[in-house]
Q: 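Please see the structure below; I have some questions.
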Number of protein chains: 2
Amino acid sequence: MKPRLQDVADRAGVSMKTVSNVINGYVHVSEAMRTKVLAAIEEVGYRPNLSARNLARGRAGMIALVVPQLDMPYFASLSMHVLEAADEQGWVVLIQQTRGDAEKERAVLSGRFAQRVDGLVFSPERVTAEEIGQRSDRTPLVLLGERASGGVADHIVVDNVAAGKLAVSHLLDLGRRRIAMIGAESGGTVNRRFDGYRTALAERGLEVDPRLVEPVSRNLGEAGEAAMNAVLARAAPRPDAVFCVTDWVALGAIRSLHLHGLRVPEDVAVVGFDDIPYGRASTPTLTSISPDRAAVARAAVASLAAQQEDGREPREIPAGFELVVRESTAGVGGAAFVAPAALDDATLPFGRARGDHHHAR
Amino acid sequence: MKPRLQDVADRAGVSMKTVSNVINGYVHVSEAMRTKVLAAIEEVGYRPNLSARNLARGRAGMIALVVPQLDMPYFASLSMHVLEAADEQGWVVLIQQTRGDAEKERAVLSGRFAQRVDGLVFSPERVTAEEIGQRSDRTPLVLLGERASGGVADHIVVDNVAAGKLAVSHLLDLGRRRIAMIGAESGGTVNRRFDGYRTALAERGLEVDPRLVEPVSRNLGEAGEAAMNAVLARAAPRPDAVFCVTDWVALGAIRSLHLHGLRVPEDVAVVGFDDIPYGRASTPTLTSISPDRAAVARAAVASLAAQQEDGREPREIPAGFELVVRESTAGVGGAAFVAPAALDDATLPFGRARGDHHHAR
DNA sequence: CTGAAAGCGCTAACAA
DNA sequence: TTGTTAGCGCTTTCAG
């Protein structure tokens, strides 16, 4: 049916080995031989069967990327970068969603995967560090995200405390003093970004006003809007700035502020986290912490590549971030909503305040 | 090194065939045998080598999804649905980005793919219908998007003319008469959504005012903003509504309107296209044509499944859409920006106007 | 520089 | 119901 390597060999009047050599770019093949074989390949319309190749080579030629949900902008963007980084290593990427299903996450960890893969980039949401530690599967693994790894696998992290602190310091630098935080987890201990918020305030001798702190149930605009409503309803005097745990939540908060007749940033400045693409098109554009996703992706793929060789000690690999200042804190050209000019980040009065860059490798 | 089927068989004291039967859920296996084998699998920590299985079975167990760029909200969402639809068919999905690179698109068509796949879901951007028609690779293919297929492969399409018409009719129903269109392609002939715009106007006896029509260079917020600026600069009297070729462009247009001191929707109503998730968190929330992405994804995967069997005639498969009315045309509760209440689509005064649903299958 | 042949780990036809 | 064994298509020693 489909032409095989042997068919090409027959056609060219050579052995399979020779054809294989040509296909795989082996050096010691005469030019005449090469062109002859290539012609034969063309004539019979040969395409290598990658399943067979992988079996013979003992590798899969692909890695899996496991994320909660692909239509969340952060993961969409991250996935894009992982695809690119993997491509450079000759890997193709198979994406799987867990949708926050703990059972699916466990299945991934235990190696019950639908395909053989050379490695796993996993952004866990439900599964505990302990469960990860107990996995028996030997597939190289690298973890992303805030949830601790327990030192059982490489883990790419941005320093959320430092990032949160940078965001809030920016607001303080603007002269804001009643800074709310939306999306701090109830306990307050788990959320590293909240720690950054606290630290920044403490450094200026300010205390956390609990009426300005509100958790969100989910990472959704609706949740951010509801949380902002709650803060506005009970906090007097009202906040003059808000640090939101994600951009998505920040957009909801801005919506709430608008509906309350408050202007952003004149009345209330807003900082988000993630730098999702929409933050550049929204009105106002959104100031945000921008994790270096490309670096995260590269580090993750590099980790898997390194793990192909031998079992190294699991490491924590820091990834960089920066604060991107846009209109939700800086206004348009310093005063919001006046000039109908297109702006890009570079022309904003505050420019970009760079965060601590911890480059992997 | 890694335990193989044979190791399990040895351990359980049975043959490979029996182990294989158990693993593949073959019915005629005694219960005792089954448990014994499962225990052996557990003991040696066996995981099937899928490369080998695929080779033996003659199938790949996965399909490829080829899109321009994964961080574009439309494709992110589409990809999510494709993953889910594929999962139901026992397929895993390998995603590849072309980034609008014609060369990469051609590589995909010609079957020069990094893995063996059972099928290809392809959303072309650059490659011509003619090129698609000339492909020699036999991998089952299904096309998505507006670009014509030339009848060489199954093609899932929403009726862009009808959708555009629905969007503009909605604006007309609101009493708007000077309706701009942003993102019509220069020629005007290629763009089906523009045809819908024209049709809707014509039905009410209105003519297209060329000063109200502006193309965009790319599907970006910045482009939408620039285009809206251009229209506002030259069109007098100014438009009272805008139909944008995509949501992304619409968000840029809204930004331009705000910066010009115009209110949305009181002064200018805005309709987008694609119903990207951001549209629900933006201020104002965005009225948009919502293609039934889940249906598109299901139809695409179903097409590939059907093509596994035999070569059927290529078909055009219509997918549904609807108009989702939100604040950018309806305002908040009918009057914009007054009540700080959370709204969802269901509570909006206009509810949802449903478009023609052409369900696949 | 090229050819022959032994696997890679699993499936499935055929036997028992 | 279970065992034997010949492939699946490619890579890769090892000879030549």
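Order of the sequence lines sets the chain letters (A, B, ...), proteins ahead of strands, with each chain counted from 1.
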Q: Report the residues that fulfil side chain to side chain contact (heavy atoms under 4.5 Å, CB included) with B:E43, sequence neighbours left out, ordered by chain and then residue number.
A: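 For B:E43, the residues satisfying side chain to side chain contact (heavy atoms under 4.5 Å, CB included) (neighbours in sequence not counted) are B:R11, B:A39.
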
Q: Just checking, any donor-acceptor pair under 3.5 angstrom between side chains of A:S51 and B:N54?
A: no

Q: For residues 85-103 of chain A, which residue pairs pass the salt bridge (charged side-chain N to carboxylate O under 4.0 Å, His left out) check, not counting sequence neighbours?
A: A:R99-B:E84, A:E103-A:R106

Q: By side-chain hydrogen bond (donor to acceptor under 3.5 Å, both in side chains), which residues pair with B:Q89, not counting sequence neighbours?
A: none

Q: Which pairs count as salt bridge (charged side-chain N to carboxylate O under 4.0 Å, His left out) when at least one residue sits in residues 16-27 of chain A, sequence neighbours excluded?
A: none

Q: If a protein heavy atom is under 4.0 Å from the base, mark B; if only from the sugar-phosphate, S; if neither, -; do that for nucleotides 8-16 of chain D going 5' to 3'.
A: BBBBBB---

Q: Note the angle between the end axes of the helix from C:dC1-D:dG16 to C:dA16-D:dT1, five pairs defining each, rounded to 10 degrees.
A: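 Nearest ten degrees gives 30° for this helix.
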
Q: My understanding is that only residues two or more places apart in sequence, or in another chain, count here; which of them pass side chain to side chain contact (heavy atoms under 4.5 Å, CB included) with A:P73?
A: A:W248, A:I276, A:P277, B:Y278

Q: Side chain to side chain contact (heavy atoms under 4.5 Å, CB included) with B:E42: which residues, sequence neighbours excluded?
A: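 Counting only residues at least two positions away or on another chain, B:E42 forms no side chain to side chain contact (heavy atoms under 4.5 Å, CB included).
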
Q: Between B:S15 and D:dG3, does any side-chain N or O lie under 4.0 Å from OP1 or OP2?
A: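 True: B:S15 side-chain N/O within range (under 4.0 Å) of D:dG3 OP1/OP2.
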
Q: Holding to salt bridge (Lys or Arg N to Asp or Glu O under 4.0 Å), I want the full list of residues that pass it with B:R59, two or more places apart in sequence or in another chain.
A: B:D118

Q: Under the salt bridge (Lys or Arg N to Asp or Glu O under 4.0 Å) rule, collect the residues that match up with B:D71, sequence neighbours excluded.
A: none

Q: Under the side chain to side chain contact (heavy atoms under 4.5 Å, CB included) test, which residues partner A:R34, sequence neighbours left out?
A: A:V22, A:V29, A:E31, A:L38

Q: Can you pull the contact range of chain A along DNA chain C, 5' to 3', using atoms under 4.0 angstrom from its heavy atoms?
A: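 Range of nucleotides touched by chain A: C:dC1 to C:dG9.
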
